[in-house]
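If you're wondering where the values come from, they're calculated on a predicted model, not measured in any experiment. Counting begins at 1 with the first residue of the sequence.
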Amino acid sequence: FQVQTVFVVLIVVAVVVGGSRIRRHYASINRALELRPAQPQPIPGAETEESPDAIRQLVVVPVRTIDLAGMRALAYADSLGGPVRAVHVSPTREEGDRFIEYWRAWGDHVPLDVVVSPYRALVAPLVNHIDGLHREHPERILTVVLPEVVVGRPWQRLLHGRTAARLRRALRPLHKVVVTTVPVHVRG
């Protein structure tokens, strides 16, 4: 009888402590998301409120190749009104130079950054480059526009890399970085 009572008391205490921590968490989130009048000093740990007039952005578009998906993403990025930069990850400097030639032949409408990644990694070099752009322009919101191919059949999804989803997850922890996807629906 006594062991059962101790067990029940421990469960009740755990539920009460867990409930109070959950309540405290929600209260702190509500305080952080509360709208406040403009203050000269931001509240530590909270992002500052910005009116639409105060937002200055830099739009970044990762471009794997010059194709419909990349061009749609660039067109959407340009429609946002901020300066736009394209980023291409290349395994070698020579291949990067070749892509720059293709880029110039296409029309060189947007400045292009080429990141060399000798191990063919995409996500980490892109995140590092975007983080570097953020350090160069800390006053700006970085909007990353990702082209994403959307196929019609579930089994076809296995054939396409999930680079856009992986990049979105990797960029989520960065402050003042917004990630959006431009889907291109393909039947095949």
- [ ] Carefully, step by step, assess I130 and L171 under the rule side chain to side chain contact (heavy atoms under 4.5 Å, CB included).
- [x] CA-CA 9 Å; I130 290 166; L171 291 171; 4.0 Å; yes
Open item on the list: Set out, in order, the CA-CA distance, both residues' side-chain angles and the distance that settles side chain to side chain contact (heavy atoms under 4.5 Å, CB included) for E148 and R168, then state yes or no.
Closed with: CA-CA 11 Å; E148 185 173 26; R168 199 171 30 251; 4.2 Å; yes
Open item on the list: Go through it in stages, so that I can follow the logic: the residues are D113 and H129, the test is side chain to side chain donor-acceptor pair (under 3.5 Å), and I'd like the CA-CA distance, side-chain angles, deciding distance and then a yes or no.
Closed with: CA-CA 9 Å; D113 298 334; H129 184 73; 3.0 Å; yes
Open item on the list: Run the side chain to side chain contact (heavy atoms under 4.5 Å, CB included) test on L142 and V178 for me, step by step, so that the C-alpha distance in whole Å, both residues' side-chain angles and the decisive distance to 0.1 Å come before the verdict.
Closed with: CA-CA 6 Å; L142 259 65; V178 176; over 6 Å; no
TODO: Please lay out, stage by stage, how V12 and L10 fare under the test side chain to side chain contact (heavy atoms under 4.5 Å, CB included).
DONE: CA-CA 5 Å; V12 168; L10 288 176; over 6 Å; no
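Between P173 and R169, the closest heavy-atom pair is CD-O, 3.5 Å. Minimum interatomic distance between G70 and P147 (heavy atoms only, all atoms of both residues): N-CB, 4.1 Å. The shortest non-hydrogen separation linking A170 to V127 is CB-CG2, 3.6 Å. Heavy-atom minimum distance, Q57 versus P83: O-CD, 3.2 Å. The two atoms that bring V89 and S117 nearest to each other are CG1-CB, 3.6 Å, heavy atoms only. The nearest pair of heavy atoms linking V150 to P183 is CG2-CB, 3.8 Å.
Considering only heavy atoms from C-beta on, R85 comes within 4.5 Å of L58 through its side chain. The shortest side-chain heavy-atom distance between V116 and P91 does not fall under the 4.5 Å cut-off. By the 4.5 Å heavy-atom criterion applied to side chains, T92 and P118 are not counted as neighbours. Two residues are said to be in side-chain contact when any heavy atoms from C-beta on lie closer than 4.5 Å; V9 and I11 fail this criterion. Under the 4.5 Å side-chain criterion, counting only non-hydrogen atoms from C-beta, V8 is not in contact with V6. For the pair V60 and T143, the minimum side-chain heavy-atom distance is 4.5 Å or more. R24 places none of its side-chain heavy atoms less than 4.5 Å from the side chain of S28.
Interatomic distance, CG of L122 versus CZ of R166, reported as 7.0 Å (0.5 Å rounding). Of the inter-residue distances, the one linking R172 atom CZ with L174 atom CG reads 11.5 Å to the nearest 0.5 angstrom. Atom NE2 of H25 and atom OG of S20 lie 13.0 Å apart (nearest 0.5 Å). Once rounded to the nearest 0.5 Å, the distance linking NE2 of H137 with CG of L133 reads 6.0 Å.
Side-chain heavy atoms closer than 4.5 Å link hydrophobic residues (I, L, V, M, F, W, Y) into clusters, and following such links, even through other members, never connects Y119 to L126.
Within 6.0 Å of atom CZ in R64, 12 or fewer heavy atoms from other residues, nucleotides or ligands are found, so the atom counts as exposed in its surroundings.
Other residues sharing a hydrophobic cluster with V182 under the 4.5 Å side-chain heavy-atom criterion for ILVMFWY residues are V59, V61, V63, I66, M71, L74, Y76, L80, V84, F99, I100, Y102, W103, W106, V110, L112, V114, V145.
Side-chain N or O atoms of H134 include one that pairs as donor or acceptor with a backbone N or O of H175 at under 3.5 Å. In this structure, T65 contributes its side chain and D67 its backbone to no donor-acceptor pair below 3.5 Å.
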